[in-house]
Amino acid sequence: MDISERTPRAGGTSRSSEGVTPLRVGVVEDQPLFNGMLGDLIDKHPRTRLVGRATTVAHARKLFLPGTVDVLTMDIELPDGNGVSLGVSLKRQTPELGIVLLSAYDLMDMLLEMPEDMRGGWSYLSKKSALTSETLFAAVEASARGDSMLDPELLAHAAPRADSVLHRLTDRQYAVLQLLAQGLSNQGIAARLGIAEKSVQNHLTSIYSILGVPADSAKNPRVLAALTLLAETGRDS
């Protein structure tokens with residue numbers, strides 16, 4: 001079977017063993033080995049279901065029609081085009097579609113160039129970082145929620161610019177912001193820092209105010225805060 005074709009799990013079902021409908025995930029990746037590994041990981045995970053694998057922009061457009069997929073893992077550089085442009089085009093058709101960008105290069109700042117009306121649901125992972133299945137699925141689930149996840153290892157090498165508004169944050173607030181940008185929920189942040197979930201929410205309220213993130217319910221403050229962190233930091237070369 002062609003690696004780009006759908007490969008449903010044997011005896012597959014539309015629901016996970018926990019009774020929760022799994023996320024429908026597609027792979028767009030031109031490297032056969034990475035394409036196969038991603039597909040296998042996704043298809044074996046209890047909370048995701050592989051719906052298809054494409055190796056080109058053209059094939060992805062034919063395979064992933066509106067309403068057929070919840071999240072796409074997307075290589076940025078494809079043989080016949082750019083994965084970012086493809087993702088923007090597909091999200092124009094299906095605004096709730098999540099996109100997890102993957103690249104061998106540090107191109108995370110590309111997230112800052114997304115059109116303002118579709119900044120939610122984009123995540124970025126580097127193929128060269130310590131990419132694990134846990135990190136991959138955290139990004140998939142964050143994108144499915146409409147949030148954004150930034151590569152944890154790249155964030156670990158980031159520091160606020162000299163004149164950055166981030167210097168107004170306390171150490172604890174900065175730690176909360178970094179974990180938010182890694183796709184963690186309030187509950188996950190609380191568990192990681194050993195504090196109450198209510199304390200996390202209080203920190204986030206202060207962080208949004210300091211960063212100038214609007215409280216407009218039509219926008220996702222978590223995404224805007226993560227993008228502000230990205231814009232206000234520089235990473236080690």
Practice item. Starting from the C-alpha separation in whole Å, work towards a yes-or-no answer on side chain to side chain contact (heavy atoms under 4.5 Å, CB included) for Q173 and I210. Key: CA-CA 10 Å; Q173 289 170 343; I210 292 170; 3.8 Å; yes

Point to revise | side chain to side chain contact (heavy atoms under 4.5 Å, CB included) between I76 and Y124, worked out | key: CA-CA 10 Å; I76 291 179; Y124 180 93; 3.8 Å; yes

Exercise for review: Please assess L111 against M114 for the test side chain to side chain contact (heavy atoms under 4.5 Å, CB included), listing each intermediate value before the final yes or no.
Suggested key: CA-CA 6 Å; L111 294 180; M114 296 299 168; 4.1 Å; yes

Practice item. Might you work through the side chain to side chain contact (heavy atoms under 4.5 Å, CB included) test for F64 and L97, ending with a clear yes or no? Key: CA-CA 11 Å; F64 303 118; L97 177 67; over 6 Å; no

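Applying the side-chain hydrogen bond (donor to acceptor under 3.5 Å, both in side chains) test to T68 and every residue at least two apart in sequence or in another chain returns nothing. Looking at residues two or more places apart in sequence or on another chain, you find a side chain to side chain contact (heavy atoms under 4.5 Å, CB included) between A58 and T56, D80. For D109, the salt bridge (charged side-chain N to carboxylate O under 4.0 Å, His left out) test picks out R235, with sequence neighbours left out. Judged as a side chain to side chain contact (heavy atoms under 4.5 Å, CB included), and not counting sequence neighbours, the contacts of A144 are L23, V71. Here S148 pairs with nothing under the side-chain hydrogen bond (donor to acceptor under 3.5 Å, both in side chains) rule; sequence neighbours left out. The salt bridge (charged side-chain N to carboxylate O under 4.0 Å, His left out) check on E232 picks up nothing, with sequence neighbours excluded. Legend: residues meeting salt bridge (charged side-chain N to carboxylate O under 4.0 Å, His left out) with R119, ordered by chain and number and at least two apart, are absent.
Taking CG of L184 as the reference point, atom CD1 of I189 lies at 6.0 Å (rounded to 0.5 Å). The line from CG of L230 to CG of L150 is 5.5 Å long, rounded to the nearest 0.5 Å. The distance from the OG1 atom of T233 to the CG atom of L155 is 7.0 Å, given to the nearest 0.5 Å. A distance of 10.5 Å separates CG of L72 from CG of L101, quoted to the nearest 0.5 Å. Remark: R222 CZ to S185 OG distance equals 7.0 Å, nearest 0.5 Å. Distance CG/L177 to OH/Y208: 9.0 Å, rounded to 0.5 Å.
Within the structure, salt bridge (charged side-chain N to carboxylate O under 4.0 Å, His left out) contacts touching residues 84-94 (residues at least two apart or in different chains) are R92-D117. Applying the ring pair (Phe, Tyr, Trp, His ring centres under 6.0 Å) test to every pair with at least one member in residues 162-192, sequence neighbours left out, gives no pairs at all. Under the salt bridge (charged side-chain N to carboxylate O under 4.0 Å, His left out) criterion, no residue pair touches residues 163-192, with sequence neighbours excluded. Residue pairs meeting the salt bridge (charged side-chain N to carboxylate O under 4.0 Å, His left out) criterion with at least one member in residues 60-77, sequence neighbours excluded: R24-D70, D75-K127.
V57 has its side chain out of reach of N82: every pair of non-hydrogen atoms, C-beta onward, lies at least 4.5 Å apart.
Remark: the backbone N or O of Q31 is paired with a side-chain donor or acceptor of E29 at under 3.5 angstrom. Looking at S123, its side chain never comes within 3.5 Å of a backbone N or O of V100 through a donor-acceptor pair. With S143 contributing its side chain and G121 its backbone, the two residues share a donor-acceptor pair below 3.5 Å. Checking side-chain atoms of D151 against main-chain N and O of S126 turns up a donor-acceptor pair under 3.5 Å.
For the side-chain contact (heavy atoms from CB on, under 4.5 Å) criterion with F34, the lone passing option out of V27, L102, T73 is L102.
The shortest non-hydrogen separation linking P152 to T135 is CD-CG2, 4.1 Å. Between L180 and A225 the shortest heavy-atom distance is CD2-CB, 4.3 Å.
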Which pairs of donor and acceptor atoms, one on a side chain in residues 193-207, lie under 3.5 Å apart (sequence neighbours left out)?
from : atom 1 : to   : atom 2 : distance (Å)
Q201 : OE1    : N186 : ND2    : 3.0
N202 : ND2    : K198 : O      : 3.4
T205 : OG1    : Q201 : O      : 3.0
S206 : OG     : N202 : O      : 3.4

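L65 and L90 fall into different hydrophobic clusters, defined by Ile, Leu, Val, Met, Phe, Trp and Tyr side-chain heavy atoms under 4.5 Å apart, directly or through other members.
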